[in-house]
Amino acid sequence: MSEKADIALIGLAVMGQNLILNMNDHGFTVCAYNRTTEKVDAFLANEAKGTKVVGAKSLEDMVSKLKKPRRVMMLVKAGQAVDDFIEKLVPLLEKGDIIIDGGNSEYHDTERRTKALHEKGLLFIGTGVSGGEDGARYGPSLMPGGDKGAWPHVKDIFQGIAAKANGEPCCDWVGDGGAGHFVKMVHNGIEYGDMQLICEAYDLMRLALKMDHQEMSDVLAEWNKGELDSFLIEITRDILKFKDKDGSYLVEKILDSAGQKGTGKWTAIAALEYGMPVTLIGEAVFARCLSSLKAERVEASKLLSGPIKKPILKDKALFLEDIRQALYASKIVSYAQGFMLLREAAKVHNWDLNYGAIALMWRGGCIIRSVFLGNIKAAFDKNPSLPNLLLDDFFKSAVERCQNSWRDVVSAAVQLGIPTPTFSTALAFYDGYRSPRLPANLIQAQRDYFGAHTYELVNQPGKFIHTNWTGHGGNVSASTYQA
Ligand code: 2AM
């Protein structure tokens with residue numbers, strides 16, 4: 001072989017194969033490898049036939065076919081498989097070579113691997129890859145983080161193959177260590193939220209307005225022309241009107257028990273760990289959990305009754321517009337919460353995150369791609385240290401414009417007994433976030449009463465006081481006293 005390959009890719013499942021073909025289309029020579037090496041031959045003989053892709057029979061063979069510094073990208077199952085390959089690659093590589101993990105790895109693993117490989121003189125990147133099989137083939141959203149020294153060596157390949165939004169690549173350096181995989185995880189959490197929001201709008205149209213499927217699809221088609229323009233609204237428009245072979249709407253035949261692979265749950269866990277109120281994603285994850293209790297719900301439905309008094313609904317067109325505005329306002333809250341989590345994690349891990357660049361990475365290529373992300377990018381471009389999206393003029397006025405409709409929808413849903421967990425939690429968050437005083441003073445008093453945990457006074461912050469609330473039980477505080 002005369003010309004050496006620009007990059008190696010390990011892992012020939014669909015995502016790996018499609019990324020290779022995408023790189024090939026953009027003029028890069030890729031060396032393909034897979035644990036089960038028969039898959040390499042099959043790939044070269046079929047999907048990669050007629051391309052510049054070369055194959056390798058072993059890791060040694062693969063490494064010998066690469067330009068220096070060597071770039072090796074893995075798209076294998078997250079977890080042990082990644083560590084196993086790293087262990088096998090390390091003795092074959094030289095200082096300055098680059099290992100990239102494009103799988104759905106947990107960000108703590110990426111953090112650990114980046115450090116361990118840095119000590120060996122190797123540069124590690126953990127990159128989020130979003131957009132599914134089609135994205136991988138024709139332009140994914142890529143969120144790379146890890147050892148920044150590696151970035152100049154992979155930038156052209158990554159930005160070359162990434163999706164483009166208004167001509168700009170949906171890929172930029174995210175930050176040190178596990179930052180790339182963390183941002184990908186939050187992306188997936190936001191995806192859970194966006195999906196649940198659309199499901200609640202569908203439920204209201206179906207149950208409150210008794211709309212048929214073509215009508216609902218037409219409404220989403222309209223919504224998709226405005227500020228809600230997004231991939232998820234677009235596919236839901238098509239799903240709703242999709243007919244099965246027997247002429248009935250397929251969506252109604254699908255069991256209402258949602259699956260999950262775990263990245264939404266990871267985001268919710270991270271929110272709890274970092275103490276950030278990312279309530280909408282949390283509710284979206286719990287909504288899937290509740291849905292999966294199908295048999296129990298069916299039983300409960302026979303025993304537990306709903307509201308007896310039905311509210312009088314507005315005119316249908318007006319209520320539909322209310323639903324649209326409730327969805328939009330809730331979505332703004334969800335992204336505001338997602339960026340709060342990013343900001344807090346960045347503080348803890350010392351990641352220098354560029355929030356505008358993250359919005360641009362999500363603007364195209366991935367499942368949450370939308371016009372709305374362009375507005376978020378604009379907000380962070382205007383003020384890179386914006387403390388919260390809700391405080392940006394554009395989003396502040398959007399929420400203020402939508403809030404009457406939003407409140408009407410949540411009230412109507414409550415009165416009708418239709419669950420809208422994400423619409424409702426978003427509104428509760430909005431009202432909490434804009435409250436200068438919350439009832440946490442009473443929580444502090446309760447904690448001090450039963451556990452002597454102490455409290456601070458409004459006019460004396462920093463000074464911790466314990467009160468003997470009952471007149472007996474002593475004046476000890478929690479630091480000296482275990483309840
Ligand atoms: P395989 O084709 O040999 O199974 C997606 O599952 C990709 O991850 C496939 O390329 C698969 O290789 C690889 N993979 C899964 N588990 C692996 C493991 N424990 N070690 C190496 N590769 C693995």
Side-chain angles (χ1 to χ4, degrees), residues 189 193 196-197 200 267-287 289-290 307 311 326 329-341 343-344 347-348 387-392 395-396 399-400 402-483:
Q196 176 64 24
L197 286 170
E200 290 173 20
T267 313
I269 291 171
L272 291 171
E273 264 174 13
Y274 294 102
M276 280 294 117
V278 188
T279 62
L280 195 143
I281 295 173
E283 285 292 352
V285 175
F286 287 133
C289 299
L290 182 58
S330 303
K331 183 167 165 144
I332 292 171
V333 166
S334 180
Y335 283 67
Q337 292 180 341
F339 278 92
M340 285 167 76
L341 178 58
R343 198 176 277 289
E344 184 61 21
K347 211 176 349 163
V348 171
N388 192 296
L389 267 186
L390 288 167
L391 303 178
D392 170 71
F395 291 110
K396 176 180 173 301
V399 169
E400 282 167 352
C402 293
Q403 72 166 311
N404 283 341
S405 291
W406 191 12
R407 292 181 192 284
D408 284 350
V409 169
V410 171
S411 313
V414 168
Q415 290 183 18
L416 286 163
I418 299 172
T420 52
T422 52
F423 281 7
S424 309
T425 197
L427 185 53
F429 174 87
Y430 178 68
D431 285 334
Y433 188 68
R434 60 175 197 83
S435 294
R437 185 161 171 91
L438 287 169
N441 50 326
L442 181 55
I443 290 184
Q444 288 299 80
Q446 290 162 335
R447 294 177 68 239
D448 190 55
Y449 185 113
F450 65 69
H453 292 295
T454 74
Y455 57 85
E456 294 163 278
L457 289 171
V458 174
N459 60 3
Q460 281 180 309
K463 187 177 168 205
F464 290 85
I465 299 162
H466 169 61
T467 292
N468 183 352
W469 296 88
T470 57
H472 48 81
N475 276 317
V476 280
S477 64
S479 52
T480 56
Y481 165 92
Q482 294 289 322

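These numbers come from the heavy atoms of this one structure, side chains and all, not from hydrogens, waters or symmetry mates. Note that the structure is predicted; figures quoted are calculated from it, not measured.
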Practice task
For residues Leu390 and Val399, determine if any side-chain heavy atom of one lies less than 4.5 Å from a side-chain heavy atom of the other.
Solution key: yes

Practice task
Kindly indicate, with the supporting measurements, whether the criterion side-chain contact (heavy atoms from CB on, under 4.5 Å) is fulfilled by Ile332 and Tyr430.
Solution key: CA-CA 10 Å; Ile332 292 171; Tyr430 178 68; over 6 Å; no

Fill in the blank from the handout: Residues Pro421 and Ala287: closest non-hydrogen pair is CG-CB, 4.4 Å

Handout entry: Atom pair CZ/CD of Phe464 and Gln444 - distance to nearest 0.5 Å
Key = 8.5 Å

Handout entry: More than 12 heavy atoms from other groups under 6.0 Å of OH on Tyr449
Key = no

Completion exercise
Rounding to 0.5 Å, atoms CZ (Arg434) and CD (Glu400) come to a distance of 9.5 Å

Problem - Residues Ile465, Asp448; criterion side-chain contact (heavy atoms from CB on, under 4.5 Å); working and verdict - result: CA-CA 9 Å; Ile465 299 162; Asp448 190 55; over 6 Å; no

Exercise for the section: For residues Leu341 and Ala271, report the shortest heavy-atom separation together with the two atoms involved. Expected result: CD1-CA, 3.9 Å

Handout entry: Phe339 side, atom CZ; Leu389 side, atom CG - distance, nearest 0.5 Å
Key = 6.0 Å

Practice task
Heavy atoms only: give me the nearest Arg343-Pro387 pair and the separation to one decimal.
Solution key: NE-O, 3.8 Å

Fill in the blank from the handout: Heavy-atom nearest pair, Gln196 first then Thr422, reads CG-CG2, 3.5 Å

Exercise for the section: Without swapping roles, check the side chain of Ser334 against the backbone of Ser330 for a donor-acceptor pair under 3.5 Å. Expected result: no

Exercise for the section: Could you tell me whether the side chain of Thr467 and the main chain of Trp469 form a donor-acceptor pair under 3.5 Å? Expected result: no

Handout entry: Euclidean distance, Tyr335 OH relative to Ile281 CD1, rounded to 0.5 Å
Key = 9.0 Å

Problem - Side-chain heavy-atom pair Trp406, Val333 within 4.5 angstrom cut-off - result: yes

Exercise for the section: Indicate yes or no: at least one non-hydrogen side-chain atom of Leu197 is less than 4.5 angstrom from one of Leu280. Expected result: yes

Practice task
For residues Asp431 and Arg407, determine if any side-chain heavy atom of one lies less than 4.5 Å from a side-chain heavy atom of the other.
Solution key: yes

Exercise for the section: Give me the ring orientation class for Phe429 and Tyr433: parallel if the planes are under 30° apart, tilted from 30 to 60°, perpendicular past 60°. Expected result: parallel

Problem - Min side-chain heavy-atom separation Thr279-Gln337 under 4.5 Å - result: yes

Exercise for the section: Give the intermediate values and the outcome of side-chain contact (heavy atoms from CB on, under 4.5 Å) for residues Thr420 and Val409. Expected result: CA-CA 9 Å; Thr420 52; Val409 169; 5.6 Å; no

Completion exercise
Correct closest heavy-atom pair for Glu200 and Pro419 would be CG-O, 4.2 Å

Handout entry: Taking every non-hydrogen atom, the tightest pair across His453 and Arg447
Key = CD2-O, 3.1 Å

Practice task
With the side chain counted from C-beta on, respond yes when Leu457 and Lys463 share a heavy-atom pair under 4.5 Å apart, and no when they do not.
Solution key: no

Problem - Exercise: do Glu456 and Gln460 side chains pair donor with acceptor under 3.5 Å - result: no

Exercise for the section: Step through the shown structure and confirm whether more than 12 heavy atoms of other residues, nucleotides or ligands are within 6.0 Å of CZ on Arg437. Expected result: no

